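Because the structure is predicted, anything quoted here is derived from the model rather than measured. The basis for the numbers below is simple: all heavy atoms, side chains too, and nothing from hydrogens, waters or symmetry mates.
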Amino acid sequence: VQLQASGGGLAQPGGSLRLSCAASVASLDHYTISWFRQAPGKEREGVSCIRGNDGYTNYADSVKGRFTISRENAKNTVYLQLNSLKSEDTALYYCATAPGYYSGSYCLLGTLFDSWGQGTLVTVSS
């Protein structure tokens, strides 16, 4: 699976961005798709996930209520809407896919994902 992430950029605190992840698959139905991020000097963190078959979603506590993940199966694309951005959201954001269906904390575990996009940089600064 090839993944193309886009949509990063510079935003002010409190601002918004929308990230996109386009997947080169016949259908998202058979995958769990997640977003991860890694800030300089920090470990990679699972941010959010969505299951392609039923739309189940999960979020890290640090972004719950501010970020929204969604999918558009007809375009094989997953989106991550970032609202109420904070400086601590600054990171390189990656999308990744895993065959099958994961939930809870499992869908935010990077070790389960075998295809990764190249990352898109989000910088939150005034």
Exercise: identify the closest heavy-atom pair between Trp35 and Cys21: CZ2-CB, 3.5 Å
Closest contact, heavy atoms only, Ala96 versus Leu3: CA-CD1, 3.6 Å
Nearest non-hydrogen partners of Arg71 and Asn53, listed with the distance: NH2-O, 3.8 Å
From OG (Ser103) to CG (Asp54), nearest 0.5 Å: 9.5 Å
Heavy-atom neighbours of Lys42 NZ exceed 12 at 6.0 Å: no
Tyr93/Leu82 under side-chain contact (heavy atoms from CB on, under 4.5 Å): CA gap, chis, key distance, verdict: CA-CA 11 Å; Tyr93 284 71; Leu82 287 59; 4.2 Å; yes
Exercise: identify the closest heavy-atom pair between Ala60 and Gly46: CB-O, 3.3 Å
Any donor-acceptor pair under 3.5 Å from Thr77 side chain to Ala22 backbone: no
Taking every non-hydrogen atom, the tightest pair across Cys49 and Ser34: CB-OG, 3.0 Å
Exam field: side chain Asn73 to backbone Gly52, donor-acceptor pair closer than 3.5 Å: yes
Close side-chain approach of Phe67 to Asp89, heavy-atom, < 4.5 Å: yes
Trp116 and Phe36 aromatic ring geometry - parallel, tilted or perpendicular at 30°/60° bounds: tilted
Side-chain touch Ile33/Phe113, heavy atoms, less than 4.5 angstrom: no
Heavy-atom side-chain contact between Leu80 and Ser48 under 4.5 Å: yes
Transitive ILVMFWY side-chain link Leu92 to Val122, under 4.5 Å: no
Any donor-acceptor pair under 3.5 Å from Asn58 side chain to Gly104 backbone: yes
Residues, nucleotides or ligands: over 12 heavy atoms within 6.0 Å of Tyr101 OH: yes
Minimum side-chain heavy-atom gap Leu10-Ser125 below 4.5 Å: yes
Within-4.5 Å side-chain heavy-atom neighbours: Leu19 and Arg37: no
Beyond-backbone contact of Ser16 with Gln81, side-chain heavy atoms, under 4.5 angstrom: yes
Greater than 12 external heavy atoms within 6.0 Å of Glu88's CD: yes
Shortest non-hydrogen separation from Tyr56 to Cys107 and the atoms involved: CE2-SG, 4.5 Å
Sub-4.5 Å side-chain heavy-atom contact between Tyr102 and Leu108: no
Beyond-backbone contact of Gln118 with Tyr94, side-chain heavy atoms, under 4.5 angstrom: no
Atom pair CZ/CG of Arg18 and Asn83 - distance to nearest 0.5 Å: 11.5 Å
Result of checking Asp114, Leu28, Thr97 against Val1 for side-chain contact (heavy atoms from CB on, under 4.5 Å): Thr97
